Peer 1: 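Below is one structure. I have some questions about it.
When a ligand or atom number is given, it counts from 1 through the structure's own listing order. Please read all numbers here as calculations on a predicted model, not as lab measurements.
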Amino acid sequence: MGVELKNVVKRYRDKLAVDNISLRIEDGEIFGLLGPNGAGKSTTIKMIMGLLDQNSGKIKINNMDVAKKSLDVRKILGLVPQELAIYEDLTAKENLEFFAKLYGLRGKELKEKVNEALEFTKLTENKNEKIKRFSGGMKRRLNIACAITHNPEIIIMDEPTVGIDPQSRNHILQSVKELNKRGSTVIYTSHYMQEVEEICDRVGIIDHGKLIGLGTNEELKSQLSEEERLVIDVMNMKFNLLEEIRNLNGVINVIQNKDSLEILTKKAQQIMQDVLFILSKEDVKVSNISLQQPNLESVFLSLTGRNLRD
Ligand code: ADP
Ligand code: MG
């Protein structure tokens with residue numbers, strides 16, 4: 001049971017978008033697919049949905065081959081696509097009815113399910129309004145409602161929180177947990193490390209089409225057991241110093257944020273002196289220094305040498 005990918009490869013002409021991914025998503029979990037833009041998340045999702053054919057490899061859902069595109073597989077799945085898939089000229093209710101019909105709902109059941117989905121996404125009051133008047137957050141919520149009217153066993157959400165206000169984002173994250181509590185397996189893609197860390201039971205880290213990390217948050221972070229994250233708040237940072245810090249013995253990697261440097265190292269105490277010396281040479285002002293626990297961002301940095309946020 002669950003979702004199984006075996007050696008899945010997808011090329012767009014000469015671009016290798018998904019590079020031999022194998023993984024298994026168990027029934028009942030919230031699985032996060034975390035990776036930067038262009039990593040191959042949406043391509044992977046589209047193949048799981050049967051909307052795009054892989055070049056090689058197999059994808060099975062509850063032991064059924066997705067490539068056979070049977071209605072049985074379709075009905076198990078609900079997709080919240082990255083690009084909004086709702087009709088601006090229809091009302092919220094009309095949009096939901098349209099999708100419910102696609103999934104084979106009719107009559108009384110259709111009405112009930114549409115009302116439930118409106119209620120769940122807190123759009124009942126707005127059900128007769130046309131979508132073009134909706135805020136970005138309301139559109140995102142309706143996009144979710146459309147995917148859940150038919151009570152799918154597996155809900156796939158592709159970056160459902162991009163470009164919305166914090167309140168709508170919170171609402172969406174809470175709904176993911178609630179849908180999971182009610183029994184749905186959730187596959188959730190994001191390039192926001194905090195979201196994935198907050199809601200997912202298990203995480204796959206994807207970069208350049210490759211699955212480079214897989215496990216619970218704790219398992220992923222325990223790979224960094226000896227590594228520490230030294231965060232130095234700076235003013236007027238000089239970029240030429242970055243390379244010098246990166247080359248210090250013991251520095252695994254450095255991220256330059258707007259007002260801080262994050263240094264991944266196994267020797268924080270020792271490195272601190274060297275870094276402060278380098279910064280002082282060019283009069284970079286340091287306002288705070290702290291040692292922080294590694295997070296999924298550190299895991300990504302350690303695996304790729306790059307910042308997830310770039
Ligand atoms: P993500 O969802 O993680 O941002 P995508 O799966 O959308 O990544 O894209 C993976 C890679 O494939 C990117 O380099 C992207 O530019 C490329 N790509 C995606 N869709 C197409 C397409 N239809 N034709 C050609 N290249 C594509
Ligand atoms: Mg995408």
Peer 1: Measure from NZ or CZ of Lys101 to the centre of the six-membered ring of Phe98 and say whether it is under 6.0 Å with the direction within 45° of the ring axis.
Peer 2: no
Peer 1: Going by the order shown, which atoms of ligand 1 are within less than 4.0 Å of some heavy atom of Pro36?
Peer 2: 3 (O)
Peer 1: Is any N or O atom of Ala17, backbone or side chain, closer than 3.5 Å to an N or O atom of ligand 1?
Peer 2: no
Peer 1: For residues 230-239, which residue pairs pass the salt bridge (Lys or Arg N to Asp or Glu O under 4.0 Å) check, not counting sequence neighbours?
Peer 2: none
Peer 1: Would you tell me whether Thr91 and Asn128 have side-chain atoms, one donor and one acceptor, within less than 3.5 Å of each other?
Peer 2: no
Peer 1: Nearest 0.5 Å, what's the CG-CG distance between Asn126 and Leu142?
Peer 2: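 Rounded to the nearest 0.5 Å, the CG-CG separation comes to 10.0 Å.
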Peer 1: Can a side-chain donor-acceptor contact be found between Asn62 and Glu153 if the only test is distance below 3.5 angstrom?
Peer 2: yes
Peer 1: Mark up the atoms of ligand 1 that fall under 4.0 Å of a heavy atom belonging to Asn37, in ascending order.
Peer 2: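 Within the 4.0 Å cut-off of Asn37, ligand 1 contributes 4 (O).
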Peer 1: Starting from atom 7 (O) of ligand 1, locate the nearest protein heavy atom and write down its residue, its atom name and how far away it is, to 0.1 Å.
Peer 2: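 I find the closest protein heavy atom is Ser42 CB, 3.8 Å.
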Peer 1: Is atom 15 (C) of ligand 1 less than 4.0 angstrom from at least one protein heavy atom?
Peer 2: no
Peer 1: To which protein heavy atom is atom 27 (C) of ligand 1 closest, and what is the distance rounded to 0.1 Å?
Peer 2: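 Ranked first by proximity to atom 27 (C) of ligand 1 is Tyr12 CD1, 3.2 Å.
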Peer 1: In the protein, how many N/O/S atoms are under 2.8 Å from the Mg ion (ligand 2)?
Peer 2: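 Counting protein N, O and S atoms closer than 2.8 Å to the Mg ion (ligand 2) gives 2.
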Peer 1: By the definition side-chain contact (heavy atoms from CB on, under 4.5 Å), identify the one residue from Ile48, Ile187, Ile155, Ile45 that meets it with Leu79.
Peer 2: Ile45
Peer 1: Pick one of side chain, backbone, both or neither for how Lys15 approaches ligand 1, counting any non-hydrogen atom pair under 4.0 Å.
Peer 2: side chain
Peer 1: Given Asp89, which of Lys132, Arg133, Lys130 fulfils the salt bridge (Lys or Arg N to Asp or Glu O under 4.0 Å) condition?
Peer 2: Lys132
Peer 1: Any side-chain donor paired with an acceptor under 3.5 Å for Thr216 and Glu218?
Peer 2: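 Absent: no donor and acceptor within the cut-off.
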Peer 1: Starting from atom 13 (C) of ligand 1, which protein heavy atom do you reach first, and at what distance in Å?
Peer 2: Gly38 O, 3.6 Å
Peer 1: Kindly check if the number of other-residue, nucleotide or ligand heavy atoms within 6.0 Å of CZ (Arg169) is above 12?
Peer 2: yes
Peer 1: Measuring to protein heavy atoms, does anything land under 4.0 Å from atom 5 (P) of ligand 1?
Peer 2: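 Yes.
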Peer 1: Any nitrogen or oxygen of Thr43 lying under 3.5 Å from a nitrogen or oxygen in ligand 1? Just yes or no.
Peer 2: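 Yes; the residue has a nitrogen or oxygen that sits under 3.5 Å from a nitrogen or oxygen of the ligand.
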Peer 1: Do me a favour and list the nearest non-hydrogen protein atom to atom 8 (O) of ligand 1 with residue, atom name and distance?
Peer 2: Gly40 N, 3.1 Å
Peer 1: Does anything in residues 276-294 form a salt bridge (Lys or Arg N to Asp or Glu O under 4.0 Å)? List the pairs, not counting sequence neighbours.
Peer 2: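 Matches after skipping sequence neighbours: Glu244-Lys281.
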Peer 1: For Glu227, what residues pass the side chain to side chain contact (heavy atoms under 4.5 Å, CB included) criterion, not counting sequence neighbours?
Peer 2: Leu224, Ile252, Leu264, Lys266, Ser302
